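For clarity, every value in this text was computed on a predicted model and none was experimentally measured. All heavy atoms count here, side chains included; hydrogens, waters and symmetry mates do not.
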Amino acid sequence: MITLYKYTHPSRAETVIWALQELGLEYETKEIDGKKGEQRSPEFLAVNPFGKIPTITHEGKNFTESLAIIEYLNELHPDKPLTPNTADKNFAEKNYKLRQVISFGMIEIESYLWILTKIKVLDNYENWPEGTANNCMKCIQKALPIAYAWVDEQEYIAGDSFTLADIYYQHLFSWLKMLGVELPEQVQDYLKKLSKREKFPKR
């Protein structure tokens, strides 16, 4: 049994839930109330010393970082369905595309989204310099046309099949919407298509 630690509110843990459901893996959830500071409790810090969500436990071991977790879960499945098939003659190119798309999202979009969220949504105890939020949004807006083009060019964001990248970008695009970024029609259609998947988490 896999145990997933998640917040009581939506977070990166939702990407793990979706991967678990796509892969048909048995799991249970334990909710952590961030407003009560339960992520800093001795009990949870024994599981993840960084006090971060999501975290999973499996076979007596602890796993952290959402993207690394969903990669690990995919490896547990005998067919590894959320990454390119190694038997495909174009495996190297398709695998590169998957890694490129995910790396781009992490560096060029998510890093700035996290700073924006800390400034606009969470308590800004870090005292970011004036203008930081605007600069973050400029960087995001510069990167988004590339991600939008990937949605336009192919069936899924990293190619012709559903992969870990789609789980990740559904999270990124939803995060952008939460922060008030208006997404173009093709991206909204892409999100609707993803939400219609049988294993998409029902919130």
With side-chain contact (heavy atoms from CB on, under 4.5 Å) as the criterion, how do Val187 and Leu176 come out once you've worked through the C-alpha distance, each side chain's angles and the decisive distance to 0.1 Å? CA-CA 11 Å; Val187 175; Leu176 285 161; over 6 Å; no

[X] atom [atom1], over 12 foreign heavy atoms within 6.0 Å:
| X | atom1 | answer |
| --- | --- | --- |
| Glu26 | CD | no |
| Gln186 | CD | yes |
| Glu182 | CD | no |

Is [Y] close to [X] at the side-chain level, that is, under 4.5 Å between some pair of heavy atoms?
| X | Y | answer |
| --- | --- | --- |
| Leu144 | Val181 | yes |
| Leu73 | Ile56 | yes |
| Tyr5 | Val47 | yes |
| Thr3 | Lys30 | yes |

Is [Y] reachable from [X] through a run of I, L, V, M, F, W or Y residues, each pair having side-chain heavy atoms under 4.5 Å apart?
| X | Y | answer |
| --- | --- | --- |
| Ile109 | Ile107 | no |
| Leu23 | Leu4 | yes |
| Ile70 | Leu76 | yes |

Would you tell me whether Asn74 and Thr83 have side-chain atoms, one donor and one acceptor, within less than 3.5 Å of each other? yes

Quick one: do Arg12 and Glu110 make a salt bridge, cutoff under 4.0 Å? yes

Could you check Asp160 against Lys94 for side-chain contact (heavy atoms from CB on, under 4.5 Å), going step by step and ending with a plain yes or no? CA-CA 9 Å; Asp160 57 5; Lys94 290 183 176 181; 3.9 Å; yes

Option from Glu22, Gln21, Gln170 for which side-chain hydrogen bond (donor to acceptor under 3.5 Å, both in side chains) with Arg197 holds: Glu22

In terms of ring plane angle, is the pair [X] and [Y] parallel, tilted or perpendicular, where the classes change at 30° and 60°?
| X | Y | value |
| --- | --- | --- |
| Trp175 | His171 | tilted |
| Phe173 | Tyr148 | tilted |
| Trp18 | Phe162 | tilted |

Residue pairs passing the side-chain hydrogen bond (donor to acceptor under 3.5 Å, both in side chains) test where at least one lies in residues 131-140, sequence neighbours excluded: none

Run the side-chain contact (heavy atoms from CB on, under 4.5 Å) check on Glu75 and Lys80 step by step: do they pass? CA-CA 6 Å; Glu75 289 293 317; Lys80 301 175 179 55; 2.9 Å; yes

Ile53 CD1 to Asn48 CG distance, which is reported to the nearest 0.5 Å: 7.5 Å

Walk me through it: do Ile115 and Trp128 pass the test side-chain contact (heavy atoms from CB on, under 4.5 Å)? CA-CA 9 Å; Ile115 295 172; Trp128 294 90; 4.0 Å; yes

So is Lys193 actually on top of Tyr156's ring, under 6.0 Å and inside 45° of the axis? yes

